[in-house]
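Encoded as structure tokens, the structure appears first; notes follow it.
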Protein chains: 2
Amino acid sequence: MSTSPKLKLYEEFAAIARALGNAHRIDILEHLGQGERGVDALAAKIGLSTANTSQHLQQLKRAGLVESRRDGKYILYRLKGDNVLTLLGALFDLGEHNLAEVDKVMRDYFHKRDDMEAVSHEELLERSRDGLVTVLDVRPKDEFAMEHLPGAKNIPLEELETRLSEIDPAQEVIAYCRGPYCVLSFEAVAALRQRGIKARRLEDGLPEWRAAGLPVEQP
Amino acid sequence: MSTSPKLKLYEEFAAIARALGNAHRIDILEHLGQGERGVDALAAKIGLSTANTSQHLQQLKRAGLVESRRDGKYILYRLKGDNVLTLLGALFDLGEHNLAEVDKVMRDYFHKRDDMEAVSHEELLERSRDGLVTVLDVRPKDEFAMEHLPGAKNIPLEELETRLSEIDPAQEVIAYCRGPYCVLSFEAVAALRQRGIKARRLEDGLPEWRAAGLPVEQP
DNA sequence: ATATCATTCAATAGATTACTTGAGCGTAGC
DNA sequence: GCTACGCTCAAGTAATCTATTGAATGATAT
């Protein structure tokens, strides 16, 4: 094998794929989809040691999936361009269509996605313009603080039970979180429905919304 | 780590990515993009032992990237759905945009892709309708035999020098091969230009043409 | 049945990967 | 300057991956 130019290229592409070949690193990418993060903050969110997280980040960096900048004593990582979300989307899509295991997990834990009747960008925009829905961001407070959908109300999933009174039961709730496989919004919808409140999920999460060129609110 | 459902899903997605994490397997996928192949035939094309190729194919199968069927004593593998090409496309795209190494290989070996002025589907269709161009398939004879672009002439790259007389020097040649990184069409264009024949590459290869829903010719 | 061919399986050695631990380095604030 | 903090590096272990070899299926042909 004289390592033809084509194989050389494929070796580079394979290196990118290998960087995606670990569940924790995909998790990191999802979190970075919310916005820039420091290493420790990320490590805490995903439940890995700092050193381990740092090493994962460096693999992602070598593969061209993330980039970093220094801000004071923090080093902030972020996704490198919109292509990353596109690639992740293609990966998720293939998994959902081609792997029985993925389908099974979806059924078992997410009570079958289709039954959740996800709401599209377009529908949300339309209905929120008419003031018909409550847009609910169920991510943790700090993530909401950085960026959120326009007009959204933030009740982190953990606090949902104790803060139910803040939700107008006359309106439909549309919940969203980090991305299409983020559990938060699934569980929020389930909890709300159990209490008789009409609720649906937004099809995608914040990163996809932003990638679609739709407006977000910042402090 | 109690392995949340989200991480379980991400583990599945990561498994798909790991299956893409080897240059030979990407090469296999490109060849399967041309059409169904038996194990031995594939092994010969990509230059690996039969056993090794078989094992790579099984990894791809476990990851939901290929599927197989028995035909007599052959077991024929093929890509599992169009999502595979989409995923590969996203991967290539990210590599081209985000990795300096990829860009370097492109410059060194492919004489900078942009200078090659690739021709789009649309332009090819238009110009071949008017009879202005020779569509040249430079893949090996057996791949051409299985399927090719309508009206294309087949001269495998190895035979190009000896069969130059078959090409009308008055017409522009548009060459294509297996896919966007297949070397064959790059080299064919370079060789033709050196001999004063106007030549360009088709932007993509046969699989992308087929995936775009455009017609192909079969025996 | 036997022989043959295409493919897979099983066992192995060598390389790569994930995570931990503890040390090292740069920046901010005292 | 020193200390605290955020991050990276280096070394080590256990687990996983690649490619080779040779043996084992399974289907066809004689």
Side-chain angles (χ1 to χ4, degrees), chain A residues 1-3 7-8 10-29 31-32 36-63 65-78 142, chain B residues 1-3 7-8 10-29 31-32 36-63 65-78 142:
Chain A
M1 190 62 40
S2 68
T3 319
L7 267 191
K8 244 189 195 121
Y10 285 179
E11 185 46 55
E12 299 290 340
F13 296 142
I16 301 177
R18 278 196 298 273
L20 285 176
N22 175 288
H24 289 307
R25 283 197 291 269
I26 296 185
D27 204 12
I28 288 177
L29 291 176
H31 278 278
L32 289 182
E36 282 187 324
R37 288 277 182 284
V39 180
D40 256 0
L42 252 178
K45 288 261 181 208
I46 63 181
L48 293 182
S49 73
T50 307
N52 197 2
T53 305
S54 170
Q55 283 169 186
H56 280 307
L57 283 167
Q58 279 165 76
Q59 285 192 55
L60 291 171
K61 195 174 180 178
R62 248 176 276 134
L65 293 164
V66 308
E67 53 194 356
S68 61
R69 68 184 178 92
R70 175 146 226 147
D71 179 25
K73 51 185 185 173
Y74 295 88
I75 291 181
L76 298 179
Y77 282 86
R78 63 175 173 280
D142 60 317
Chain B
M1 190 62 39
S2 68
T3 321
L7 268 190
K8 241 189 198 122
Y10 284 178
E11 184 46 55
E12 300 291 339
F13 297 142
I16 301 176
R18 278 196 298 271
L20 285 176
N22 176 288
H24 289 307
R25 283 197 292 269
I26 296 185
D27 203 13
I28 290 177
L29 291 176
H31 278 276
L32 289 183
E36 282 187 324
R37 288 277 181 285
V39 179
D40 254 359
L42 252 178
K45 289 262 179 203
I46 63 180
L48 293 182
S49 72
T50 307
N52 197 359
T53 305
S54 170
Q55 284 169 186
H56 280 306
L57 283 167
Q58 280 164 75
Q59 285 190 55
L60 290 171
K61 194 174 182 180
R62 249 175 274 132
L65 292 164
V66 308
E67 53 194 354
S68 61
R69 70 185 177 90
R70 175 145 229 147
D71 178 25
K73 52 183 184 173
Y74 297 89
I75 291 181
L76 300 179
Y77 284 85
R78 63 175 174 280
D142 60 317

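Convention: sequence-line order gives letters A, B, ...; per-chain numbering from 1.
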Can you find a side chain N or O atom of B/S54 that sits less than 4.0 Å from OP1 or OP2 on C/dT8? yes
Atom CZ of B/R69 and atom P of D/dA27: how far apart are they, to the nearest Å? 16 Å
Measure from OH on B/Y74 to C1' on C/dT7 and round the result to the nearest Å. 12 Å
Would you find a donor on one side and an acceptor on the other, under 3.5 Å apart, between the side chain of A/R37 and the backbone of A/L32? no
Result for 5'-nearest mapping on DNA chain C, choosing between B/V39 and A/N52, is B/V39
Nearest-neighbour nucleotide for the B/R25 side chain, C/dC5, D/dC5, D/dT18 considered: D/dT18
Contact class for B/Q55 (heavy atom, under 4.0 Å): base, sugar-phosphate, or nothing? base
Just how far, in rounded Å, is P of C/dA6 from CG of B/L48? 18 Å
About how many Å separate CG of A/L42 and NE2 of A/H56, when rounded to the nearest 0.5 Å? 11.5 Å
Counting only N and O atoms by type, is there a donor-acceptor contact under 3.5 Å from the side chain of B/R18 to the main-chain atoms of A/G21? yes
Tell me whether the side-chain N/O atoms of B/H56 come closer than 4.0 Å to OP1 or OP2 in D/dA19. yes
Measuring from B/L57:CG to B/K61:NZ, what's the distance to the nearest 0.5 Å? 9.0 Å
Protein-nucleotide distance (B/L76, atom CG; D/dA27, atom P), rounded to Å: 15 Å
Between A/R62 (CZ) and D/dC9 (P), how many Å, whole number? 9 Å
Between C/dT7, D/dC7, C/dG22, which nucleotide gets closest to the side-chain atoms of A/A51? C/dG22
Indicate yes or no for a side-chain donor-acceptor contact from A/R70 to the backbone of A/G72 under 3.5 Å, with no hydrogens or angles considered. yes
Counting just side-chain N and O atoms, does A/R70 come under 4.0 Å of either OP1 or OP2 of D/dG6? no
Using only side-chain N and O atoms of A/R18, determine if any of them is under 4.0 Å from OP1 or OP2 of C/dT17. yes
OP1 or OP2 of C/dT20 versus the side-chain N and O atoms of A/S49: is any pair under 4.0 Å? yes
Output the rounded distance in Å from NZ (B/K61) to C1' (C/dT7). 11 Å
Taking atom P of C/dT8 as reference, at what distance in whole Å does atom CD of B/Q59 sit? 13 Å
So A/G38, base contact, sugar-phosphate only, or nothing? Heavy-atom distance under 4.0 Å. sugar-phosphate
Rounded to whole Å, the CG-P distance (A/L60 to C/dT17) equals 13 Å
I'd like to know if the side chain of A/Q58 and the backbone of A/S54 have a donor-acceptor N/O pair within less than 3.5 Å. yes
When you check the phosphate oxygens OP1 and OP2 of D/dG6, does a side-chain N or O of A/Y77 lie under 4.0 Å from one of them? no
Tell me whether the side-chain N/O atoms of B/N22 come closer than 4.0 Å to OP1 or OP2 in D/dT18. yes
OP1 or OP2 of D/dC7 less than 4.0 angstrom from a side-chain nitrogen or oxygen of A/Q58, does that happen here? no
